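In listed order, ligands and their atoms are each counted from 1. Small disclaimer: the values here were computed from a predicted structure and weren't measured.
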Amino acid sequence: MIDKIKQLQAEFQAIELTSADAIEQFRTHYLGSKGTIKALFQALKSVPNEQKKEVGAMMNQLRSVAEEKIIQAKERLSSISTVVDRLDLTRPGGPETIGSRHPLSLVRSEIIELFERIGFSISEGPEIEDDWHNFSALNFPPEHPARDMQDTFFIEKGEQEMALRTHTSSVQVRVMENSTPPIRTISPGRVYRNEAISARAHCFFHQVEGLYIDKNVSFADLKQTLLYFAKEMFGEKAQIRLRPSYFPFTEPSAEVDISCTICNSKGCNVCKYSGWLEILGCGMVDPNVLEASGIDANVYSGFAFGMGIERIAQLKYKVNDLRLYSENDVRFLKQFTPGM
Ligand code: DAH
């Protein structure tokens, strides 16, 4: 009798109840009125008296194991069926929140794309720069007052003093040192200045540098390239004007204004009622700069320009506070979609 009970216990373990039918079959086979366990209880009568207590306890246990197995199998089945009942494959999907591109990335890509169309390549340089590439090779000798135009973050790095680059003009030098003309390249990147943060100034911002070196490059080429840029960026009606200026690395140098896109040059508070907005600096590359980078200034000439990406984005999207670009406020960021 004891063997029979043990054998049944082992049998239970091997049985898996995965459907309502299997549960019902199990119940009638073992626990039903004509079931195996019932029969065992009836056979208890024939067990010798001194063993009855022990065998009876084993049978009770066997019965509760069978009952427990049924309860658990039913619970498992009902939880599966509620998930399946709730699963409606015909329902439309829930909304996905999609990010948007940063306005500065949009403007940078647009600038890159429109210069690529006229044969400019892309070049990049390091943000931690040495004195030579950021200043000296660009005709800013040590102690020259022009260095004061760009308040700099200096970094101690061993013997050599390094700085966070103050402009992307440093990449001009790196490109000229490492290649031979003709050179036609633009260099987008982040730059740093020691400025108090306000709506109009920040300690980091972004620029795109342009450099064109070849034989017989003239100021007219520079002007035409910038006019092309202004019309592509701000529309066919955009006009430019050049005002004489000073940069140590260009001679002659100019600052470039575009006709105010906000009031159509009628005069508004953004253009301070002048009808013009300043967008970049430019000029013919100074022969000293060509020579410092190993290019023969008697054979080659070229032009360079540098513009602030934040400034272009400000005019394009009418953003009135520089700080918005780096505050990561999604209410600001999600307003920008390509082609706006
Ligand atoms: N590097 C200048 C600045 O950050 C901008 C600039 C002016 C770049 C004239 C040029 C240039 O390449 O020719 O203020």
ask   = So Phe135 and His167, would you call those rings parallel, tilted or perpendicular, with 30° and 60° as cut-offs?
value = tilted
Sorted by chain and number, sequence neighbours left out, ring pair (Phe, Tyr, Trp, His ring centres under 6.0 Å) with Phe204 holds for His202
The ring pair (Phe, Tyr, Trp, His ring centres under 6.0 Å) partners of Tyr228 (sequence neighbours excluded) come to none
- Message: Closer than 3.5 angstrom, by distance alone: can the side chain of Glu209 be matched with the main-chain N or O of Gly306 as a donor-acceptor pair?
- Response: no
Output, or 'none' if empty, a list of ligand 1-protein atom pairs in which both atoms are N or O and the distance is under 3.5 Å, rounded to 0.1 Å.
unit_1	atom_1	unit_2	atom_2	d
ligand 1	1 (N)	His167	ND1	2.9
ligand 1	1 (N)	Ser169	OG	2.9
ligand 1	4 (O)	Arg193	NH2	2.8
ligand 1	4 (O)	Gln207	NE2	3.0
ligand 1	12 (O)	Gln172	NE2	3.1
ligand 1	12 (O)	Glu209	OE2	2.5
ligand 1	12 (O)	Phe305	N	3.4
ligand 1	12 (O)	Phe305	O	3.3
ligand 1	13 (O)	Ala304	O	3.2

Sorted by chain and number, sequence neighbours left out, side chain to side chain donor-acceptor pair (under 3.5 Å) with Ser170 holds for none
Less than 3.5 Å apart, any donor N or O on the side chain of Arg241 or Ser259 sitting next to an acceptor on the other? no
